[in-house]
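Heads up: the structure comes next, in structure tokens.
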Amino acid sequence: MKSSIAQLVEQAINSLPDLAEAPEVSSISTTVERTRDARHGDFMTNIAMRFAKSLGRNPREIAAAIIDKLPESELIDKVGIAGPGFINFHVSSKALHHALASVLQQGKCYGHQEIRPEPRILLEFVSANPTGPLHVGHGRHAAYGATVGNLLEAAGFKVDREYYVNDAGRQMDILGVSIWLRLLEQSGVTISFPEAGYKGDYIQDIAASLDISGMPKLSADEISSGLPADAPEGDKEEYIDALIEKGHELLGIHHFQRIRRQSIDSILADIEDDLAGFGVTFDRWFFEQSLTDDNLIDNALTILKERNMLYEKDGATWFRATDYGDEKDRVVVRDNGKTTYFAADIAYHDDKRKRGYDHLLDILGSDHHGYQVRVRAGLEAMGYGGDNLEVELIQFVTLYRAGEKQSMSTRSGEFVTLRQLREEVGNDAARFFYVMRSNDQHLDFDLELAKSRSNDNPVYYIQYAHARVASVFRQLQDRSLQYDQAAGIANLALLEKIHEKSLMTTLTRFPEVIELAANNRAPQHLVHYLRDLANDFHTYYNAHTFIVDDDALRNARLALITATRAVIASGLAIIGVSAPDSM
RNA sequence: GCGCCCGUAGCUCAACUGGAUAGAGCACUGGCCUUCUAAGCCAGUUGUUGCAGGUUCGAGUCCUGCCGGGCGCGCCA
């Protein structure tokens, strides 16, 4: 509806040579927006004012000229000039009825755009290190990423979802050592557990489940001999690095790697299961280790070297990140010969582009904000456009229980894992609350509210609207009446109550909301919209009876609430929330 | 110290990328329940958009400087 009006305005402008052919305004595109205030009509455009600015003419005169040339359309009831030069449009009832009929005809597809082959988007999100179960912060990444993916698809983009698994590097060695030590403990060999090790209960569980066939038997003395002191007397990092060395030495690289691999696999399986249970799935799990195995890091560094983007200093290899706006140059190969995480990320993003993705959308924690400049610099140095990379940052989550801030520390014993949150408040409330706020705002997650089964809880309020429609149809059946949709569509003109117009208008906004939310990677727009829609429905429900004796009116009303149910279901599906028929 | 993000009603947050009189929910006040679900309903009140300038027809939104909060500033990932 919005784009149709924009087209009308453009046709009018094109028939006005002094506007259409003026070079000053060639870059000005026609934008039509919903009015904020219903008294101004349904849609408005500020095009006349923007033309006026560039041309130095009177905006109201330009507006009048545009209105004069506006093609006849049954979409529009009334057009007017207001204020400094706004053009306001009042949509006709007929247009609303057309829109409603198309909701019913399109069903699940309503509001979804045609698939466009380009650009292909690669959406990377969560990508939490496989060192333990996901916590509530990762939950926000999962819910946000999944919803943005759904929104982009609804907006017509081809999008693949990917999880980058940091299975290489020192953190994984620390994980391996932690599990190895617990394993020894369980067989009666006790070594003081490192301060820097992973201490969670899940480490014990994984240790107990490991396949250790063929591994050498070791004594505590063998392992402890020659180790430096752990914190607080010594340095905890030195201590754990020494333990890793020891593990390699005594167990042999092969067995140490076996423990490490099994540990990662076990944790990753748990993460995948948790996310799947949360309705979040990926097209691919990309392993950092594969970059090394397939020589992708070396290849990328070779290219950078050929382009003279690298130099040697202090025994390390540096990338000229400052040439691309970063605040300092970055190390890609350490003086010990190992490549950095950043080097891997250059190769990873290069690989994404090589796999045919035009637009790389990374969802990162807000603590990584400095990192995006570096990755973009890497991409540009590899010969890609900097705008191929888009980073969306997610702010932190704070849990509140009865107004009390919950400690996020692992020690507190309060739930901190995503799984615990899901079990306590349910997937629906969790998915909904996670995307209720703008991603660049801190999220205060109210546990009591998320669990409450009252209209204060926006999830229930919206789901209840859906269930209520189903309930009306059950009533209809109880009264042995049939819903005739064709008759309903034929009689939409009977829907002239203020609540009916309001509900129809809200339904016509759905495609615009999808587009807005997708373009801005902002699921909260959809959340707010669904609340508005549910509110319009409940208000209508309270004001009027749907199952009336008059067949024509009843079918028209049932058509309206059927469309409402479809849009609520469609919107909730994008957020990953169920649409129940009864509650 | 430098960089990025944030600051909107008593509370939690919107505001379609510069539009008209800044909106929702909660809370608060008054009225309402023989109804397709009271798991409520209807109506009302709520503002120096952190502060001070600037840009223009128009600024919560853009620019500058302060104040306050978060995060970052590794040869960690």
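So that the names make sense, note that chain A is the first sequence line, chain B the second, and so on, each numbered from 1.
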task: Between Arg468(A) and Lys328(A), just flag the one whose closest nucleotide in RNA chain B comes earlier from the 5' side.
output: Arg468(A)

message: Checking contacts here: which listed nucleotide (A77(B), G60(B), C71(B)) is nearest the side-chain heavy atoms of Asn166(A)?
response: A77(B)

message: Is the distance between the ring centroids of Tyr464(A) and His538(A) under 6.0 Å?
response: yes

message: Using only modelled atom types and a 3.5 angstrom limit, is any donor from either the side chain of Lys53(A) or the base of G58(B) paired with an acceptor on the other?
response: yes

field: Gap in Å between the two C1' atoms, one belonging to A9(B) and one to G25(B), rounded
entry: 12 Å

query: Which nucleotide, in any strand shown, forms a Watson-Crick or G-U wobble pair with A22(B), with both distances under 3.5 Å?
result: none

message: Could you check, using the six-membered ring where one of them is a Trp, whether His135(A) and His138(A) have ring centers closer than 6.0 angstrom?
response: yes

Check: His368(A) side chain, G72(B) base, donor-acceptor under 3.5 Å: no

- request: Could you give the distance separating C51(B) and U56(B) at their P atoms, to the nearest angstrom?
  value: 23 Å

Strand partner of U64(B), provided both Watson-Crick or wobble distances fall under 3.5 Å: A52(B)

message: Side chain of Gln441(A), heavy atoms from C-beta onward: which of A14(B), A20(B), C57(B) has the nearest atom to it?
response: A14(B)

query: Of all the nucleotides listed (U37(B), G19(B), A15(B)), which has the minimum atom distance to the side chain of His525(A)?
result: A15(B)

- prompt: So what does Ser452(A) touch, heavy atoms closer than 4.0 Å: a base, only the sugar-phosphate, or nothing?
  reply: nothing

task: Quick one: label Ala82(A) by what it contacts on the DNA or RNA (base, sugar-phosphate, nothing), any heavy atom closer than 4.0 Å.
output: base

- prompt: Nearest to the side chain of Met44(A), which nucleotide is it out of C36(B), C73(B), G19(B)?
  reply: G19(B)

query: Just wondering, more than 12 heavy atoms not from Asp478(A) lying within 6.0 Å of its CG?
result: yes

field: Side-chain N or O of Arg334(A) closer than 4.0 Å to phosphate OP1/OP2 of C76(B)
entry: yes

query: Stacking between Phe86(A) and the base of A20(B) (centre distance under 5.5 Å, interplanar angle under 30°)?
result: yes

field: Whole-Å P distance, C5(B) and G53(B)
entry: 25 Å

query: Mind checking the C1' distance from A52(B) to G31(B)? Whole angstroms is fine.
result: 47 Å

query: Rounded to whole angstroms, how far apart are CG on Leu175(A) and C1' on A77(B)?
result: 14 Å

field: Spacing of the P atoms in G1(B) and U45(B) (rounded, Å)
entry: 46 Å

message: Determine whether a donor-acceptor pair (one donor, one acceptor, N or O, separation below 3.5 Å) exists between the side chain of Asp446(A) and the base of U12(B).
response: no

query: Rounded to the Å, how far apart are Glu448(A) CD and U12(B) P?
result: 17 Å

- prompt: Expressed in angstrom and rounded to an integer, what is the separation of Asp440(A) atom CG from G69(B) atom C1'?
  reply: 15 Å

task: Name the pairing partner of A59(B), where a pair is Watson-Crick or G-U wobble with both distances under 3.5 Å, or state none.
output: none

- request: Name the nucleic acid region contacted by Asp314(A), choosing base, sugar-phosphate or nothing; use a 4.0 angstrom heavy-atom cut-off, strictly under.
  value: base

- prompt: Would you say C42(B) has OP1 or OP2 under 4.0 Å from some side-chain N or O of Thr539(A)?
  reply: yes

- request: Please work out which of the three classes, parallel, tilted or perpendicular, describes the rings of Phe546(A) and Tyr541(A), given edges at 30° and 60°.
  value: perpendicular

query: Whole-Å distance between G69(B) P and Phe396(A) CZ?
result: 17 Å

message: Which nucleotide wins on minimum distance to the side chain of Tyr371(A), given the candidates G19(B), A77(B), A38(B)?
response: A77(B)

- prompt: Is atom NZ of Lys305(A) surrounded by more than 12 heavy atoms (other residues, nucleotides or ligands) closer than 6.0 Å?
  reply: no

message: Can you classify the ring geometry of Phe445(A) versus Phe433(A) as parallel (below 30°), tilted (30 to 60°) or perpendicular (above 60°)?
response: tilted

task: Classify the side chain of Asn46(A) versus the base of G19(B) as yes if they form a donor-acceptor pair under 3.5 Å and no if they do not.
output: yes

field: Aro-ring/base stack His528(A)-A14(B), d under 5.5 Å, angle under 30°
entry: no

- request: State the pairing partner of U8(B); accept Watson-Crick or G-U wobble contacts with both distances under 3.5 Å, and report none otherwise.
  value: none

- request: May I ask you to verify if any side-chain N or O of Ser471(A) is less than 4.0 angstrom from the OP1 or OP2 atom of U37(B)?
  value: yes

statement: Answer for the Watson-Crick or wobble partner of C41(B), both distances under 3.5 Å, is G31(B)

query: How far, in whole Å, is G60(B) from A14(B) if one measures between their C1' atoms?
result: 12 Å

- request: Check step by step if side chain to side chain contact (heavy atoms under 4.5 Å, CB included) holds for Ser366(A) and Phe396(A).
  value: CA-CA 8 Å; Ser366(A) 59; Phe396(A) 296 134; 4.0 Å; yes

task: Return the nearest nucleotide to the side chain of Asn520(A); candidates are G3(B), C75(B), U17(B).
output: U17(B)

statement: Checking C16(B), A77(B), U21(B) against the side chain of Arg39(A) (C-beta onward), the nearest is U21(B)

task: Check whether any side-chain N or O of Arg170(A) sits under 4.0 Å from OP1 or OP2 of C76(B), and answer yes or no.
output: no

message: I'd like to know whether the aromatic ring centres of Tyr164(A) and Tyr348(A) sit less than 6.0 Å apart in this structure.
response: yes

- prompt: Of all the nucleotides listed (G74(B), G60(B), C76(B)), which has the minimum atom distance to the side chain of Gln171(A)?
  reply: C76(B)

query: Can you tell me how far P of A14(B) sits from CG of Leu530(A), to the nearest Å?
result: 16 Å

Rounded interatomic separation in angstrom, taking CZ from Arg509(A) and C1' from C16(B): 10 Å

message: Is it the case that the base of A22(B) and the side chain of Asp37(A) share a donor-acceptor contact (distance under 3.5 Å, atom types as modelled)?
response: no

query: At under 4.0 Å between heavy atoms, what does Arg531(A) touch on the DNA or RNA strands: base, sugar-phosphate, or nothing?
result: sugar-phosphate

- prompt: So does His369(A) reach the base of C71(B) with its side chain, donor to acceptor, closer than 3.5 Å?
  reply: yes

message: Between A20(B) and G65(B), how far apart are the two C1' atoms, rounded to whole Å?
response: 31 Å

query: Does the cation-pi check pass for Arg531(A) over Tyr461(A), that is, NZ or CZ under 6.0 Å from the six-membered ring centre and within 45° of its axis?
result: yes

- request: Please determine, for the side chain of Asp335(A), which listed nucleotide (A15(B), C36(B), C75(B)) has the closest atom?
  value: C75(B)

- request: Measure from NE2 on His544(A) to C1' on C42(B) and round the result to the nearest Å.
  value: 13 Å

- request: Give Met436(A) one of three labels, base, sugar-phosphate or nothing, depending on what nucleic acid heavy atoms sit under 4.0 Å from its own.
  value: nothing

message: Taking the minimum atom-to-atom distance to the side chain of Gln395(A), which one of A77(B), C57(B), C5(B) wins?
response: C5(B)

- request: Write down the distance separating the P atoms in A15(B) and G19(B), rounded off to the nearest Å.
  value: 12 Å

field: Ring centroid separation Tyr144(A) to Phe125(A) under 6.0 Å
entry: no

query: Taking atom C1' of G40(B) as reference, at what distance in whole Å does atom OH of Tyr460(A) sit?
result: 17 Å

field: Base G19(B) to side chain Arg34(A), donor-acceptor N/O within 3.5 Å cut-off
entry: no

- prompt: Which base sits across from G72(B) as a Watson-Crick or G-U pair, both distances under 3.5 Å?
  reply: C2(B)

